[in-house]
Visitor: 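Supplied in structure tokens, the structure appears directly below.
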Amino acid sequence: MTLRVYDTRTREKRELSTLEEGKVSMYVCGITPYSPSHLGHARCYLSFDVVHRWLEASGYEVEYVQNFTDIDDKILDISDSEEVDFSVVANRNIDDYLEVMDAMNVLRADYYPRVTETIPEIIDMISALQEKGHAYVGDDGVYFEIDTAPEKFGQLTGQTLEMVRAGAGGRVADTGSGKRDHRDFALWKLAKQGEPSWESPWGKGRPGWHIECSAMSLNHFGEQFDIHGGGHDLRFPHHEAEIFQSECCTGTEPVVGYWMHNGFVNLDGEKMSKSLGNFWTIREAFENHDPLALRYALLSVPYRNPIDLTPEFLEEAATHFERLIVAYGKSLTSNDHSGSDLSGASERFTAAMDDDFNTRAAMIEIQAVVSSSSGSDVAAWLERHAGEVLGLLPSSEEIVAGLAQADSARAEVSDRVESLLGEREISRETKDWSRADEIRDELASMGVVVEDGPEGPTWHLE
RNA sequence: GCACGGGUGGCAGAGUAGCUAUGCAACGGACUGCAGAUCCGUGGACCCGGGUGCAAAUCCCGGCCCGUGCUCCA
């Protein structure tokens with residue numbers, strides 16, 4: 001069984017082959033912390049969390065780097081309006097991000113480099129590009145000159161230089177930037193009055209948006225690394241700019257082995273994004289949804305496909321999640337073996353994950369196991385597959401604590417429930433259905449669900 | 001407009017030529033006073049039009065539709 005990964009650049013699923021046997025270097029574009037993260041971000045980092053987990057489960061040693069773009073125009077806009085330092089805004093939103101990710105069982109990356117802590121490396125890289133003739137100094141900053149490496153254009157989007165030239169109209173003049181060609185992009189932006197800035201050979205300023213990722217990946221991994229992830233919208237210009245910067249700087253290509261891009265979260269068929277304003281922050285979603293149920297929902301569609309968030313979609317996921325938790329709890333407290341052979345499910349699960357991380361297919365296997373067996377072996381199976389690999393389970397301690405709490409809650413109302421149930425059974429025996437239903441309603445108002453079975457009624461709290 | 005991705009049953013989602021995908025939902029039956037749970041079973045799809053094959057959801061051509069990108073964006 002081999003792991004196949006879809007690569008945006010070559011547009012095919014390829015067997016994963018890494019630079020160093022048994023090791024994977026993975027870089028994922030992180031957030032720009034100018035506002036609280038929304039569900040689109042959740043989907044991205046959840047997707048790559050599963051990539052991270054599955055690679056490790058497959059025996060790879062993974063080095064995972066995710067950046068924070070902690071200085072940028074929008075952060076400055078907000079810090080201006082709040083009259084606080086930009087770092088206040090950035091730190092606040094980074095904390096928010098890490099908190100909600102923790103709540104959704106997202107494992108931490110190994111490094112979270114920040115732009116503001118990578119300035120010397122960025123400056124070195126820009127200097128190298130300038131020396132090699134790929135960068136020039138304009139009125140308001142330093143730019144990468146696309147025409148010095150035109151053959152690198154369009155690797156991730158298939159666009160040609162001409163197309164983009166044609167599409168842009170007279171934007172160069174509009175922006176008043178110091179670019180020679182509108183397809184060139186900023187490496188270093190000179191500071192305007194009052195903006196935070198860092199010293200550089202070109203004057204005080206700050207890095208352009210794309211250069212940080214090139215500098216950070218070079219810094220952590222060297223000239224080449226295995227996987228680069230990010231949202232689908234980053235393919236152009238951001239990731240193509242990275243290819244220009246990294247490969248022109250080092251002369252080594254390709255800089256990235258596999259470009260992975262996750263699909264969007266849509267609301268009413270449209271991309272959820274901050275600029276469109278049609279987003280839910282992750283925290284808002286937590287108000288109505290268990291973080292792990294949300295994780296379940298967002299992983300229940302393969303990472304490259306779009307997800308249309310509808311109430312039905314979220315409900316279905318919540319139902320499955322609930323079943324999983326209940327089944328896990330039941331198996332966890334069982335001393336018996338299920339007597340089932342779970343090897344087929346394991347094989348199909350592995351095949352699904354090996355096929356470009358098809359979490360959907362993998363989760364169907366989990367559903368099948370959940371609905372067909374229970375026992376101590378099932379608990380172990382779920383821990384490995386639903387827990388370690390997909391991160392869908394709370395810790396067994398939490399589950400056990402939850403069960404204990406449920407037990408005590410149950411014990412609290414038990415006497416009252418039993419006496420009502422006894423009364424109801426008498427009513428049922430005398431076919432006094434209206435009285436029986438009345439009692440059931442009364443129990444329901446106490447949060448007690450009654451289920452009549454062949455061996456009499458059973459009840460549980462909900 | 002151009003580029004990329006995609007259009008499979010109510011929803012999600014496999015399937016790159018021949019054999020029931022699958023899950024949820026729906027429906028029918030069993031069981032039920034009813035409800036619920038459970039069990040058994042059923043129907044239902046390949047955007048349109050051409051083409052190549054003995055055979056096409058699957059390959060080719062032409063349309064149409066949707067999403068994203070071309071501007072900050074996961």
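Labels below follow one simple rule: chain letters A, B, ... track the order of the sequence lines, proteins then strands, and each chain is numbered from 1. A quick note: this is a predicted structure, and the numbers were derived from the prediction, not measured.
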Visitor: Syn or anti: how is B:rG53 classified when any glycosidic angle within 90° of 0 counts as syn?
Guide: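 This nucleotide is in syn.
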
Visitor: Got a sec, which residues hit side chain to side chain donor-acceptor pair (under 3.5 Å) with A:Asp355, two or more places apart in sequence or on another chain?
Guide: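 Once residues adjacent in sequence are excluded, the partners of A:Asp355 under the side chain to side chain donor-acceptor pair (under 3.5 Å) criterion are A:Lys13.
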
Visitor: Can you see which heavy atom on A:Gly329 is nearest to which on A:Leu403, and at what distance?
Guide: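 Answer, listing the atom of A:Gly329 first, then A:Leu403: O-CD1, 3.7 Å.
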
Visitor: For A:Ser419, give me all partners under side chain to side chain donor-acceptor pair (under 3.5 Å), at least two apart in sequence or on another chain.
Guide: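 Once residues adjacent in sequence are excluded, A:Ser419 has no partner under the side chain to side chain donor-acceptor pair (under 3.5 Å) criterion.
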
Visitor: Base, sugar-phosphate, or nothing: which does A:Phe264 touch, judged by heavy atoms less than 4.0 Å apart?
Guide: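 Touches a base.
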
Visitor: Taking the P atom of each, how far is B:rA57 from B:rC19, in whole Å?
Guide: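 Between the two P atoms, the distance is 9 Å.
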
Visitor: Strictly under 4.0 angstrom, non-hydrogen atoms only: write out the protein contact profile of nucleotides 20-29 of chain B, one letter per nucleotide from the 5' end, B, S or -.
Guide: --BBS-----

Visitor: Can you identify which nucleotide, out of B:rA74, B:rU68, B:rA12, has its nearest atom closest to the A:Val301 side chain?
Guide: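 Nucleotide nearest to A:Val301's side chain: B:rA12.
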
Visitor: Within the modelled atom types, does a donor on one side and an acceptor on the other bring the side chain of A:Glu270 and the base of B:rG67 under 3.5 Å apart?
Guide: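 No.
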
Visitor: List the residues meeting side-chain contact (heavy atoms from CB on, under 4.5 Å) with A:Ser334, not counting sequence neighbours, and say none if there are none.
Guide: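 Counting only residues at least two positions away or on another chain, A:Ser334 forms a side-chain contact (heavy atoms from CB on, under 4.5 Å) with A:Asp336.
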
Visitor: Once side-chain hydrogen bond (donor to acceptor under 3.5 Å, both in side chains) is applied, what residue pairs with a partner in residues 317-333 of chain A remain, sequence neighbours excluded?
Guide: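 Qualifying pairs: A:Tyr328-A:Glu383.
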
Visitor: What's touching nucleotides 41-45 of chain B from the protein side, N or O pairs under 3.5 Å?
Guide:
none

Visitor: What is the per-nucleotide protein-contact pattern of nucleotides 32-37 of chain B, from the 5' end, where B denotes a base atom under 4.0 Å from a protein heavy atom, S denotes such proximity for sugar-phosphate atoms only, and - denotes neither?
Guide: -BBBB-

Visitor: Mind checking ring-ring contact (aromatic ring centres under 6.0 Å, His included) for A:Tyr303 and listing every partner two or more places apart, or none if nothing turns up?
Guide: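 ring-ring contact (aromatic ring centres under 6.0 Å, His included) check on A:Tyr303 returns nothing, list empty.
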
Visitor: What's the OH-P distance between A:Tyr6 and B:rC4, to the nearest Å?
Guide: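 Distance, rounded to whole Å: 11 Å.
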
Visitor: Excluding sequence neighbours, so at least two apart, what forms side chain to side chain donor-acceptor pair (under 3.5 Å) with A:Ser346?
Guide: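 In terms of side chain to side chain donor-acceptor pair (under 3.5 Å), with neighbours along the sequence ignored, A:Ser346 is linked to A:Trp381.
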
Visitor: Could you pull out all residues at least two apart from A:Asp85 that satisfy salt bridge (Lys or Arg N to Asp or Glu O under 4.0 Å)?
Guide: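 For A:Asp85, no residue satisfies salt bridge (Lys or Arg N to Asp or Glu O under 4.0 Å) once neighbours in sequence are set aside.
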
Visitor: Over how many whole Å does the gap from A:Glu12 atom CD to B:rG5 atom P extend?
Guide: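 It works out to 12 Å between those atoms.
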
Visitor: Do you know which two heavy atoms are closest between A:Pro207 and A:Lys189, and how far apart they sit?
Guide: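 For A:Pro207 and A:Lys189, the tightest heavy-atom pair comes out as O-CD, 4.4 Å.
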
Visitor: Name every residue in residues 278-299 of chain A that has at least one heavy atom under 4.0 Å from any atom of RNA chain B, in order of residue number, or write none if there are no such residues.
Guide: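 Going residue by residue through residues 278-299 of chain A, none turns out to have a heavy atom under 4.0 Å of RNA chain B.
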
Visitor: Residues two or more places apart in sequence or in another chain: which of them pass side chain to side chain donor-acceptor pair (under 3.5 Å) with A:Glu117?
Guide: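 Not a single residue meets the side chain to side chain donor-acceptor pair (under 3.5 Å) criterion with A:Glu117.
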
